[in-house]
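Got a structure here, written out as structure tokens. Questions coming.
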Amino acid sequence: MISMYSIQLSNISKKYNIYDRPTDRLKELLLRNSRSYHREFWALRDVSFNVERGDSVALLGPNGSGKSTLLQIVAGVLQPSKGRIATRGRITSILELGSGFQPDYTGRENVILNGIILGIPEKEIHRKLDEIAEFAEVGDFFDQPIRTYSSGMVVRLAFASMINVDPEILVVDEAMAVGDRRFQLKCLDKIRELRNRGTTLMFVTHEPNMVYKYCQNAVLLNGGQMILKGSSEEVVPAYEELMSEHGVVAKKVFVAAQ
Amino acid sequence: MTATLEQAPVISPEEDLLSTEPVKAPAEPITSLLNHHKRSLVKMMVSRDFKGRYRGSLLGALWPFIHPVGHLLLYTFVFCVVLKVRFGADGSTGNFALYLMSGLLPWGAISESIARSTTCVLEVPNLVKRVVFPLEVIPVVVTLSSAATQIGGMLILMACAIFYQGGVHQSLLFLPVIAFSQLLFTTGLCWLLSSLGVYVRDMRHLMSLGLSVWMYMTPIVYPASALPEKLKFLVWINPVAGIVTDYRRVILEGNPPDFAMYAFYTTISILFFFSGYYFFMKTKRSFADVM
């Protein structure tokens, strides 16, 4: 039976052990049952929700609420400390601004490497190369090392290479804020097209309008915990309230400090 | 489309959902290095690494050949002309150069891999932190890329051997057997050192000193027979010494490898290969947290 869920999260928690020195970590890894060398920090606690195939979900929350950590777990880059996760289908992700590019590789080499990493057959990658170069609008730079690119070009190429390989799940961190307005619109068009074709979408944003426009559902995180999930119409107002509350608190602290 | 997200996830019917222990990713056996995915990665990255090394340089593809020849001339001058070290049967300078080269080439590949291994994971933070990447292929790429340079040098060595000795020996057929052992040893050591290099940043400084010591402990610029009786054990505990000696036997002397020694250093190589892999796989989980 094909599951109706693309992403399932069950009691996902992520703990970071804070070490004073990297060698302490190695000691602890190798010498089991000895004294502990760390302090604990929980970036996520007991987050559970399901995402249906073809659904699009926005992650909302203030800075440090665990949104990026959650996306990294969904993308498979981080392992949860507790809880279970299941994802179904080819998953591509645009995390932070860097993505998995190698600075010394040319744009073309990076796109090929990226494709191999995703497990796309090499023939298919080579067929898509031109399409990706064109979408990214990097022109002759496609055969130059990435380190010579402007930050806008890197993000465009990252987007192009992730979007044009027919992902079944697309995970996007705040990267959308980069690139000029026209390129953003082009990406959004492409994302809409993917969504219409049934791609499951999960992204982090701070823009309530984006949520209304692109997502049926949203999840609100605060301090590593999920405080609300539901339709965008329910969650966005709660998010805005939370943010204004934060604003008030921040203002009070500022005044007190003076 | 439902308006709300479901409350209770159903991961799969047979799984115990009350357990909150994370599902451990299945352990990847060492044979997974041969699967299609990792092989394509290795192939792509080795050829890229090899090309990238000389890209933009004026002499380009000539460098892998200029390098060993330059070293050869230097060492021949210092050790043969000045210090009068004697090698092989006739003790001529030409013969010394051949012996030296057959030691320098494998040592060059091994030491280059080891030197690079301490930083090879640190150099690809994007692959560690931003994508799902089988990091264990990176030390393999480092090893194979250096080995490719060695192959180039070995071809020159053969040409010189034909020139000086008037032909090659049948024992050359043993060459791949020795090279195989060398690859196992180097790859294993690279796994070990690349992982240690992530946690212990002193590794790279330690290695630059360690490699010099190691080189002079290995009979490269002198014959193994020149070692005093008390220090003969060095040839046994140092796999590179065995490898170098056997290369000389099969390429220059027309003898098969010293089988007792071959068995010994190959056993060490195999041990390094498997324990290096195990160590790397065990420690790679927290690379992303450290970097």
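Proteins come first, then strands; the chains are lettered A, B, ... in the order of their sequence lines, and each starts at number 1. Computation of the quantities below employed the complete heavy-atom set of this structure, encompassing side-chain atoms and omitting hydrogens, waters and symmetry-equivalent molecules.
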* Under the ring pair (Phe, Tyr, Trp, His ring centres under 6.0 Å) test, which residues partner B/Phe273, sequence neighbours left out? ->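 If we apply the ring pair (Phe, Tyr, Trp, His ring centres under 6.0 Å) test to B/Phe273, skipping adjacent residues, the hits are B/Trp191.
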* Asked: Given the rule in the side chain to side chain donor-acceptor pair (under 3.5 Å) test, do B/Ser113 and B/Ser146 qualify, once you have shown the distances and angles that lead to the verdict?
  -> CA-CA 6 Å; B/Ser113 315; B/Ser146 307; 3.3 Å; yes
* To do: Could you look at A/Thr106 and say if it's the side chain, the backbone, both or neither that has a heavy atom under 4.5 Å from chain B?
  =>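 When you check distances to chain B, atoms from both the backbone and side chain of A/Thr106 fall under 4.5 Å.
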* Basic-acidic side-chain contact under 4.0 Å: B/Glu123, B/Arg116 ->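 A salt bridge is absent here (no side-chain N lies under 4.0 Å from a carboxylate O).
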* **Contact class of A/Tyr16 relative to chain B, heavy atoms under 4.5 angstrom** =>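 Side chain only.
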* Out of A/Thr92, A/Asp104, A/Ile12, which one racks up the most heavy-atom pairs below 4.5 Å with chain B? ->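 Answer, by heavy-atom pair count under 4.5 Å with chain B: A/Asp104.
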Please output the side-chain donor-acceptor pairs of residues 118-126 of chain A that fall under 3.5 Å, not counting sequence neighbours, one pair per line with the distance.
none

* To do: Report the option among B/Met44, B/His37, B/Arg48 that has the most heavy-atom pairs separated by less than 4.5 Å from atoms of chain A.
  =>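 Answer, by heavy-atom pair count under 4.5 Å with chain A: B/Arg48.
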